[in-house]
Structure formats: C-alpha cells, structure tokens
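Working notes, structure below.
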Amino acid sequence: KATAKEGLTFTLPASIAEYYMEELRHQKQEHIKLLMLNSKSKLLGEADISKGTVNASLISPRELFIEALNKQAVSIILLHNHPSGDPTPSKTDLLLTKRVKDAGDIIGIELLDHIIIGDNCYISFAEKELL
C-alpha cells in the first residue's frame with residue numbers, strides 16, 4: 001500500500017478519491033482522514049482524525065494542525081466518508097472546512113481540498129470551488 005501511495009497524485013481529487021474509495025465507502029460510521037503533504041505535494045503521512053456516528057464526526061481544527069505541524073506539513077487534504085453513500089456536503093462539513101481553512105491560513109498550512117467519499121462517487125471541495 002505504501003508503494004501505491006508513492007505514485008498517487010495528490011493534486012488530482014479523482015486520484016485520491018479512487019485510492020481511498022474501497023477503504024471508506026463501506027464504513028458504517030464517518031471516518032475522517034488527514035493527508036499531510038510537503039511542498040512538492042508528496043505524502044508525508046496520513047492520520048485517522050476521527051470516527052464518528054452514522055451521520056457526524058467530532059473534530060476540532062486544533063487536533064488536525066497538531067498532527068500537521070508534527071509532520072512539518074506544508075499543506076493538508078481532509079478526506080471523509082458519508083455512510084449514506086451520498087457525498088453531498090452537510091452544513092457541518094461546510095462549516096468545518098471553513099474553520100480548518102481559516103486556521104490553516106493563519107498558521108501557514110494550506111487546506112488544498114476536502115474530499116467526501118460516497119458509494120462509488122465523491123465530491124471535491126476544490127473542484128466545486130467551495131474552498
């Protein structure tokens with residue numbers, strides 16, 4: 001799996017969504033992953049930030065950035081699943097994304113994307129211009 005990640009292009013939301021699709025689409029709860037990247041958009045590490053309920057996960061931007069700072073990440077990508085199979089962002093998803101982006105802007109770690117995985121589909125906040 002590590003070698004597969006090496007070839008993964010973290011600048012293409014479809015590539016990221018496809019890579020994590022099988023792992024996340026059958027989960028019964030929301031799982032949030034944090035992907036931490038260097039200045040060349042190579043993966044420094046990933047962290048499971050939260051496991052939530054059927055339709056919500058509990059997360060604070062503070063936890064995310066502690067992880068990102070420890071890895072010396074230059075940018076991050078948020079990734080989570082919707083157990084319903086519908087990747088449409090909730091109000092909570094939109095609010096969380098804004099909070100993480102704003103916090104990242106202040107400390108100098110750019111939020112490149114937030115990708116929501118559904119059942120064989122995804123939504124990228126970057127592609128939808130929601131960032």
Shared hydrophobic cluster for I76 and I66 (ILVMFWY, side-chain gaps under 4.5 Å): no
Considering all heavy atoms, the nearest S75-L112 contact: OG-CD1, 3.4 Å
Smallest separation among heavy atoms of Q29 and P83, with atom names: C-CG, 3.5 Å
Interatomic distance, I117 atom CD1 to Y19 atom OH [nearest 0.5 angstrom]: 12.5 Å
Pairwise distance CD1(I116) to CD1(I123) - rounded to 0.5 angstrom: 6.5 Å
Flag if over 12 foreign heavy atoms under 6.0 Å of CD, E22: yes
Pairwise salt bridge (charged side-chain N to carboxylate O under 4.0 Å, His left out) hits with a residue in residues 113-128, at least two apart: R25-D119
Stepwise side-chain contact (heavy atoms from CB on, under 4.5 Å) test for L35 and Y20: CA-CA 11 Å; L35 308 180; Y20 288 97; 3.3 Å; yes
Same apolar cluster: F65 and I106, side chain cutoff 4.5 Å: yes
Distance (rounded to the nearest 0.5 Å) between N38 CG and K71 NZ: 12.5 Å
Minimum side-chain heavy-atom gap H82-E30 below 4.5 Å: yes
Set of residues satisfying salt bridge (charged side-chain N to carboxylate O under 4.0 Å, His left out) with respect to D86, sequence neighbours excluded: none
A68 to I109 - nearest heavy-atom pair and separation: CB-CD1, 3.9 Å
For residues 95-102, which side-chain N or O atoms pair as donor and acceptor with protein atoms under 3.5 Å away, sequence neighbours left out?
| from | atom 1 | to | atom 2 | distance (Å) |
| --- | --- | --- | --- | --- |
| T97 | OG1 | D93 | O | 2.7 |
| T97 | OG1 | H114 | ND1 | 2.6 |
| K98 | NZ | D102 | OD2 | 2.7 |
| K101 | NZ | D105 | OD2 | 3.3 |

Candidates K28, H31, M21 - the one meeting side-chain contact (heavy atoms from CB on, under 4.5 Å) with N81: H31
Cluster link L79 to V74, ILVMFWY, side chain under 4.5 Å: no
Audit row: L43, L37, side-chain contact (heavy atoms from CB on, under 4.5 Å) steps and yes/no: CA-CA 5 Å; L43 188 68; L37 310 174; 4.0 Å; yes
Test item: E67 side-chain N/O and E63 main-chain N/O as donor-acceptor pair under 3.5 Å: no
Shortest non-hydrogen separation from I115 to A17 and the atoms involved: CG2-CB, 4.2 Å
Derivation and outcome, side-chain contact (heavy atoms from CB on, under 4.5 Å), residues I16 and Y122: CA-CA 10 Å; I16 298 165; Y122 75 95; over 6 Å; no
Minimum-distance pair of heavy atoms, taken over all atoms of F125 and P89: CZ-CB, 3.7 Å
Criterion side-chain contact (heavy atoms from CB on, under 4.5 Å) on L34 and L78, from CA distance to verdict: CA-CA 5 Å; L34 173 67; L78 283 177; 4.3 Å; yes
Reported CE-to-CG distance for the pair M36 and L69, which is rounded to 0.5 angstrom: 10.5 Å
Atom of C121, atom of P87 and distance for their closest heavy-atom approach: SG-CD, 3.6 Å
